[in-house]
Amino acid sequence: DTYRWLPLAMNKNRQIISELKDFFRHNDSSKAVNAVNKEMGRLVIQAKTVGPVKNPNCKFTFVQLVRLLVLYPFFSVKTPADYADSALGKLFSCKKDTFYRLMDDGRIDWRRLVHSINRQLIGLISRRADAKDATRCLILDDTDLPKRGNRAEGLGKVFSHTAMKCILGFKAMFLCYTDGKTQLMVDATIQAETGKDASKPQGLTKKQKAAQYSKERNEEEKINTRKEEMFQSKIANAIKMIRRAIIEGIRFDYLLVDSWFPCAELLQFIHSRHLKCHLIGMIKMGKTKYETALGDLCARDIIKRLEKAKATKRNRSIGYTCASIKAKYAGMDVQLFFYKKGNGSWNALITTDMGIDAKRAFELYARRWCIEVAHKEMKGLLNLGKCQCVDFAGQVAALSLCMIQYNILGTVKRFESYETIGGLFAEITGETVELTVVQRIWGLIIEVINVIAEFLSCDPFELTENVINNNHQIKAVKMAFDRLDLAGAAA
């Protein structure tokens with residue numbers, strides 16, 4: 001009865017999440033871990049969804065390995081190489097090569113897995129009372145994934161708009177879903193740039209490119225599609241991601257984009273949908289001309305005319321001076337909204353929604369900041385971009401796992417009323433580190449007892465037994481260590 005909540009021996013039919021539920025007792029000290037277990041336990045992951053079956057000589061199924069990979073950051077495991085020595089590795093004994101083989105398997109359709117999990121998470125969220133009548137938005141944005149070595153397949157130099165220079169690495173373009181309270185990463189592509197100098201493809205010398213990892217692949221492998229996306233334009237990939245999201249049943253009211261994305265092709269795509277969705281994006285105060293009642297003018301000239309006509313007005317609720325005008329762009333009806341803070345410079349938004357005002361457009365566009373926060377949290381907490389796999393399939397796997405981890409955290413945050421993703425993550429890792437601490441404490445106790453036994457010239461095993469039986473605190477540590485030790489041996 002003392003060990004009624006010990007993890008049972010692993011076998012082919014046991015599930016990772018049910019094992020962890022047995023280990024972490026349901027009390028306040030394990031609230032965050034149990035919340036993650038609960039959400040992961042709700043998710044149905046089928047091997048047929050993503051393709052290949054497990055390796056026949058592996059004691060874990062494909063689904064079990066995926067669940068373990070998803071749990072990595074919650075147990076402070078950065079890479080498969082760290083797994084064996086982690087507390088999670090003591091519970092479920094597994095070699096690093098098992099994980100690397102799975103991540104480098106080009107047959108796995110990670111995008112399909114992400115969509116499958118997102119359908120379930122969005123379904124759970126949409127049934128909540130606080131999700132009724134929420135304005136749903138998709139957000140497009142990219143972020144830098146800097147790398148150090150240049151051995152990774154397809155790696156090259158990309159222009160960083162943050163550093164304002166070329167850096168070695170990839171770019172990841174994400175499509176994010178938000179209802180104003182929860183953010184979910186819906187889709188992503190890894191982008192590369194060919195470079196302007198043909199003698200230096202992707203900004204690297206021919207010797208550097210030749211030294212990169214390469215691999216022969218079958219035509220039916222899913223990773224081939226992801227490699228083809230690398231050098232396609234961001235606009236083309238963005239349209240494909242939005243189209244896939246619609247096919248997967250994700251409905252949205254607005255697409256939010258920064259000043260890099262608004263173009264005729266993207267506006268026409270959104271304008272042609274039958275879902276009553278619209279685009280709101282920031283535009284550059286450049287040379288692009290719009291047909292207006294004032295003439296065919298660029299954004300800078302339009303606001304000058306509006307200022308001269310005293311058509312600007314202070315909006316106290318948002319703290320900006322605003323102006324608006326109806327226009328045509330690429331044959332489509334659009335609205336242009338202009339905003340200025342104090343004596344600052346003018347910024348402008350474009351939207352295909354002809355029925356909203358400047359305040360509402362501003363409030364909706366402010367949601368775009370959600371994806372910037374998500375990028376920071378994924379990099380700081382979930383090791384986004386830190387994958388060291390040289391196989392491009394491994395890079396795609398790491399990116400997809402990071403999206404799944406973030407989406408699970410976001411859902412737990414919504415359901416358990418945590419204030420921030422960071423606060424939730426800190427609480428989870430604080431609870432799981434208990435496993436490692438128990439091991440260290442027990443090791444120190446045994447070391448001290450062995451020293452005392454040697455000094456007293458007595459049997460260390462008998463002394464250990466006596467100490468345990470006469471000290472309730474040490475007995476409790478011994479019991480906690482036993483459940484780790486037994487679980488590892490059984491697995």
Tyr83/Phe75 aromatic ring centres below 6.0 Å: no

Enter the distance from Asp301:CG to Lys289:NZ here, rounded to the nearest 0.5 Å. 8.0 Å

Run the side-chain contact (heavy atoms from CB on, under 4.5 Å) check on Met241 and Phe174 step by step: do they pass? CA-CA 9 Å; Met241 287 198 293; Phe174 289 96; over 6 Å; no

Regarding Lys234 and the six-membered ring of Trp260, is the cationic atom NZ or CZ under 6.0 Å from the ring centre and inside 45° of its axis? yes

Listed by chain and number, what are the side-chain contact (heavy atoms from CB on, under 4.5 Å) partners of Lys376, not counting sequence neighbours? none

Assess whether atom CD of Gln388 is packed by more than 12 heavy atoms of other residues, nucleotides or ligands within 6.0 Å. no

Glu219 backbone acceptor or donor facing Asn224 side chain under 3.5 Å: yes

Under the side-chain contact (heavy atoms from CB on, under 4.5 Å) rule, collect the residues that match up with Arg42, sequence neighbours excluded. Lys38, Glu39, Leu124, Phe415

Do Gln120 and Val44 have side chains that approach each other closer than 4.5 Å (heavy atoms only, starting at C-beta)? yes

So, Tyr406 and Glu377: side-chain donor and acceptor under 3.5 Å apart, yes or no? yes

Glu248 side-chain N/O to Arg119 backbone N/O, donor-acceptor pair under 3.5 Å: no

Atom pair CG/CD1 of Leu336 and Ile350 - distance to nearest 0.5 Å: 5.5 Å

Other residues, nucleotides and ligands only: do more than 12 of their heavy atoms fall within 6.0 Å of CZ on Arg305? no

Can you sort out the partners of Ala192 under side-chain contact (heavy atoms from CB on, under 4.5 Å), two or more places apart, ordered by chain and number? Gln202, Met230, Phe231

Minimum-distance pair of heavy atoms, taken over all atoms of Phe261 and Ile235: O-CD1, 3.6 Å

List the atom of Ile270, the atom of Leu279, and the distance in Å for their closest heavy-atom pair. CG2-N, 3.8 Å

Do Gln208 and Thr205 have side chains that approach each other closer than 4.5 Å (heavy atoms only, starting at C-beta)? yes

Under 3.5 Å, is there a donor-acceptor pair between the side chain of Glu228 and the main chain of Thr225? no

Can you confirm whether the side chains of Asp296 and Tyr290 place a donor and an acceptor under 3.5 Å from each other? no

To the closest 0.5 Å, what do you measure between OG1 (Thr189) and CZ (Arg226)? 7.5 Å

So, do Arg217 and Lys227 sit near enough that their side-chain heavy atoms are less than 4.5 Å apart? yes

Would you call Leu138 and Leu256 a side-chain contact if the rule is heavy atoms closer than 4.5 Å? no

Is the NZ atom of Lys215 crowded by more than 12 outside heavy atoms at less than 6.0 Å? yes

For a 4.5 angstrom cut-off between non-hydrogen side-chain atoms, does Phe62 reach Ile108? yes

Quick one, Asp141 with Val257, criterion side-chain contact (heavy atoms from CB on, under 4.5 Å). Give me CA distance, side-chain angles, the key distance, then yes/no. CA-CA 7 Å; Asp141 198 18; Val257 294; over 6 Å; no

Report yes if some heavy atom in the side chain of Ile139 is under 4.5 Å from a heavy atom in the side chain of Leu175; otherwise report no. no

Could you pull out all residues at least two apart from Phe362 that satisfy ring-ring contact (aromatic ring centres under 6.0 Å, His included)? Tyr320, Tyr339

Given Ser199 and Asp197, is the side chain to side chain donor-acceptor pair (under 3.5 Å) satisfied, shown in steps? CA-CA 5 Å; Ser199 64; Asp197 189 348; 2.6 Å; yes

Using side-chain contact (heavy atoms from CB on, under 4.5 Å), reason through Ile356 and Tyr254 one step at a time and then give a plain yes or no. CA-CA 12 Å; Ile356 62 172; Tyr254 293 93; 3.6 Å; yes

Check this for me: does any side-chain nitrogen of one of Glu307 and Lys340 sit under 4.0 Å from a carboxylate oxygen of the other? yes

Check the pair Gln395, Lys147 against side chain to side chain donor-acceptor pair (under 3.5 Å), reporting the backbone distance first and the verdict last. CA-CA 12 Å; Gln395 296 288 338; Lys147 301 290 182 182; 3.2 Å; yes

Restricting to ring-ring contact (aromatic ring centres under 6.0 Å, His included), what partner residues turn up for His115, sequence neighbours left out? none

Could you tell me whether a side-chain N or O of Ser126 sits under 3.5 Å from a main-chain N or O of Ile122, the two making a donor and an acceptor? yes

Do Gln191 and Asn237 have side-chain atoms, one donor and one acceptor, less than 3.5 Å apart? yes

Could you check Lys209 against Glu153 for salt bridge (Lys or Arg N to Asp or Glu O under 4.0 Å), going step by step and ending with a plain yes or no? CA-CA 9 Å; Lys209 288 298 294 181; Glu153 182 180 10; over 6 Å; no

Check: Lys386 main-chain N/O paired with Asn383 side-chain donor or acceptor under 3.5 Å: no

Walk me through it: do Tyr177 and Gln183 pass the test side chain to side chain donor-acceptor pair (under 3.5 Å)? CA-CA 6 Å; Tyr177 169 90; Gln183 287 69 246; over 6 Å; no

When you compare the side chain of Thr143 with that of Lys379, does any pair of heavy atoms fall below 4.5 Å? yes

Sort out for me which residue in Arg414, Arg136, Arg367 forms a salt bridge (charged side-chain N to carboxylate O under 4.0 Å, His left out) with Asp179. Arg414

Is there a donor-acceptor contact under 3.5 Å from the side chain of Thr411 to the main chain of Asn407? yes

On a heavy-atom basis, the closest approach of Ala398 and Cys387 is CB-CB, 3.5 Å

Side chain of Asn118, backbone of Met185: donor and acceptor closer than 3.5 Å? yes

Atom NE2 of His278 and atom CG of Leu364: how far apart are they, to the nearest 0.5 Å? 11.0 Å

Quick one: CD1 on Ile190 to CG on Leu399, what's the gap to the nearest 0.5 Å? 5.0 Å

Atom of Tyr72, atom of Pro80 and distance for their closest heavy-atom approach: OH-CA, 3.5 Å

Check step by step if side-chain contact (heavy atoms from CB on, under 4.5 Å) holds for Lys96 and Thr79. CA-CA 9 Å; Lys96 64 179 182 180; Thr79 68; over 6 Å; no

Show every donor-acceptor pair shorter than 3.5 Å between a side-chain atom in residues 165-172 and any protein atom, with sequence neighbours excluded, or say none if there are none.
unit_1, atom_1, unit_2, atom_2, d
Lys171, NZ, Asp144, OD1, 2.7
Lys171, NZ, Phe159, O, 3.1

Student check: side-chain heavy atoms of Ile246 and Arg251 closer than 4.5 Å: yes

Is the NZ or CZ atom of Arg101 both under 6.0 Å from the centre of the six-membered ring of Phe99 and within 45° of that ring's axis? no

Between the main-chain N or O of Cys277 and the side-chain N or O of Asp253, is there a donor-acceptor pair closer than 3.5 Å? no

Working to the nearest 0.5 angstrom, can you tell me the gap between Thr135 OG1 and Glu363 CD? 10.0 Å

Less than 4.0 Å between a side-chain N and a carboxylate O, is that true for Asp105 and Arg107? yes

